[in-house]
There are 2 protein chains.
Amino acid sequence: MELAQAKLKFIEAWGKLGSEWGINRTMAQVHALLLISPEALTTEEVMDTLNISRGNANMTLRDLISWGLIEKQHKAGERKEYFFADKDTWNIARQVAKERRKRELDPVLKILGELTKVEGDLNDPEFKTFNKSVTDINKLAKNVDKTLDTMLKAEENWFWGSIFKIFK
Amino acid sequence: MELAQAKLKFIEAWGKLGSEWGINRTMAQVHALLLISPEALTTEEVMDTLNISRGNANMTLRDLISWGLIEKQHKAGERKEYFFADKDTWNIARQVAKERRKRELDPVLKILGELTKVEGDLNDPEFKTFNKSVTDINKLAKNVDKTLDTMLKAEENWFWGSIFKIFK
DNA sequence: TTAAACTTTCAATAATTATTGAAAGTTTAA
DNA sequence: TTAAACTTTCAATAATTATTGAAAGTTTAA
């Protein structure tokens with residue numbers, strides 16, 4: 001396979017994976033493009049490579065910055081902004097986990113917390129089933145939350161390292 | 001909060017979470033409804049509770065069955081099909097992980113495998129960056145795959161149990 | 001067989017989400 | 001100041017995804 005071809009394939013695959021996990025396809029593609037670029041790129045270059053509009057490129061790049069996945073760079077004597085991606089997979093996984101926890105897990109935990117407090121008659125099967133499911137899911141969610149918290153705080157990747165070791 | 005109200009809130013929250021993770025909102029809502037139902041429900045009951053059409057209810061229920069999250073039940077002397085959800089959170093997490101691995105991770109692993117084989121000149125920064133990113137992501141993906149594999153094979157929840165114990 | 005009681009399919013449509021592109025805004029150099 | 005070089009915004013529109021509902025299909029009892 002040609003390098004140019006392989007690059008396109010990577011961008012496409014990353015974009016598809018992103019969209020299946022609720023991340024904007026274009027955002028994932030821009031991220032993929034920057035991941036395999038040795039140099040930081042301008043908005044213009046991103047637009048041209050992926051055939052997207054200036055507005056889209058601008059918003060997507062800003063989004064990626066807010067996710068902590070890419071950074072701006074300024075070159076001396078130039079006014080253009082350049083963008084480059086953090087290429088450490090551990091950091092990428094960490095950033096994504098961090099953002100999704102904040103944006104999605106936290107609100108759900110809040111609601112589950114309220115719902116576990118709903119009172120009722122345990123002899124009522126309707127209430128009993130509701131209560132059991134909510135309580136169980138709340139437990140799982142809390143465990144996931146706690147695990148992510150620890151994982152995010154770990155400065156090294158000792159955490160995954162130690163887990164993966166178990167299965168070697 | 002009233003039980004009826006709390007149920008709606010749970011269905012809504014579950015649906016929202018699903019949609020943020022690339023799972024059809026209605027599918028997640030139907031799943032939520034069955035999770036908190038003590039009795040198996042008919043297509044009709046699902047339609048009425050969630051205000052969705054017969055076609056939608058039918059397709060969604062079949063989807064949930066193919067995800068291994070709900071099951072059909074037949075009541076003696078009746079022709080209607082009843083549906084109920086597996087209420088064990090561990091099984092739910094396991095089923096979702098299993099399906100997503102099959103549907104999404106596997107194809108990506110296949111592509112990454114091909115892309116790591118692309119050959120080129122390591123003095124070419126374009127190739128070098130591409131190769132490094134692809135190789136690193138491939139490693140991460142393989143680790144995730146291996147971990148899921150082990151987790152899915154575990155008949156008991158000793159796996160999460162032992163992990164969560166670390167953080168108590 | 002038949003017809004009632006159900007389930008499934010799928011083209012049309014609605015709802016949602018992503019994208020465009022031009023106009024407005026901002027920054028910098030001279 | 002000004003104007004060129006850039007970035008950002010956002011209403012309009014396009015693309016995608018989900019839903020409807022009626023028609024077709026299937027199963028069962030008699």
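Protein chains get the first letters and strands the later ones, always in sequence-line order, with residue 1 at the start of each.
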>> Measuring from the side chain of B:Asn24 (C-beta onward, heavy atoms only), which nucleotide among C:dA5, C:dT20, D:dA18 has the closest atom?
In response: D:dA18

> Between C:dT7 atom P and B:Glu78 atom CD, what is the distance in whole Å?
Replying inline: 11 Å

>> Return the pairing partner of D:dT27 with a 3.5 Å limit on both distances, Watson-Crick or G-U wobble; otherwise return none.
In response: C:dA4

>> Taking only side-chain N and O atoms of B:Thr43, does any of them lie within less than 4.0 angstrom of OP1 or OP2 on C:dC6?
In response: no

> Tell me, do B:Lys16 and B:Glu20 make a side-chain contact under 4.5 Å, heavy atoms counted?
Replying inline: yes

>> How many whole angstroms separate atom CD of A:Gln29 from atom C1' of C:dA18?
In response: 12 Å

> In Watson-Crick or G-U wobble terms, both distances under 3.5 Å, what is the partner of C:dA22?
Replying inline: D:dT9

> Between atom CG in B:Asn56 and atom P in C:dT8, what is the gap in whole Å?
Replying inline: 14 Å

> Rounding to a whole Å, what distance do you find between B:Phe83:CZ and C:dT8:P?
Replying inline: 7 Å

> Got A:Leu148 and A:Leu105 here, is their nearest side-chain heavy-atom distance under 4.5 Å?
Replying inline: yes

>> Which nucleotide wins on minimum distance to the side chain of A:Met59, given the candidates D:dT19, D:dT9, C:dA4?
In response: D:dT9

> In whole angstrom, what separates B:Lys16's NZ from C:dT16's P?
Replying inline: 14 Å

>> Counting only side-chain heavy atoms from C-beta out, which of D:dT28, D:dC6, C:dT7 sits nearest to A:Arg79?
In response: D:dC6

>> Check whether B:Tyr82 forms a cation-pi arrangement with B:Lys72 (NZ or CZ under 6.0 Å from the six-membered ring centre, at most 45° off the ring normal).
In response: no

>> Both conditions, 6.0 Å and 45 degrees, for the charged tip of B:Arg100 above the ring of A:Trp21: are they met here?
In response: yes

> For the side chain of B:Asn58, counting heavy atoms from C-beta on, which of C:dT9, C:dT19, D:dT7 is nearest?
Replying inline: C:dT9

>> Quick check for you: among D:dT20, D:dT8, D:dT19, whose closest atom lies nearest to any side-chain atom of A:Lys72?
In response: D:dT8

> Hey, does B:Arg62 reach any base, or is it just sugar-phosphate, or nothing, if we go heavy atoms under 4.0 Å?
Replying inline: sugar-phosphate

>> Going by purine N1 to pyrimidine N3 plus the second Watson-Crick contact, or the G-U wobble pair, all under 3.5 Å, which nucleotide sits opposite D:dT17?
In response: C:dA14

>> Pick the closest DNA chain C nucleotide for B:Tyr82 and for A:Ser53 by heavy atoms, then say which residue is nearer the 5' end.
In response: B:Tyr82

>> I'd like to know if B:Arg54 reaches the base of C:dT8 with its side chain, counting only an N/O donor and acceptor under 3.5 Å.
In response: no

> So, B:Arg25 side chain and B:Gly15 main chain: donor-acceptor pair closer than 3.5 Å or not?
Replying inline: no

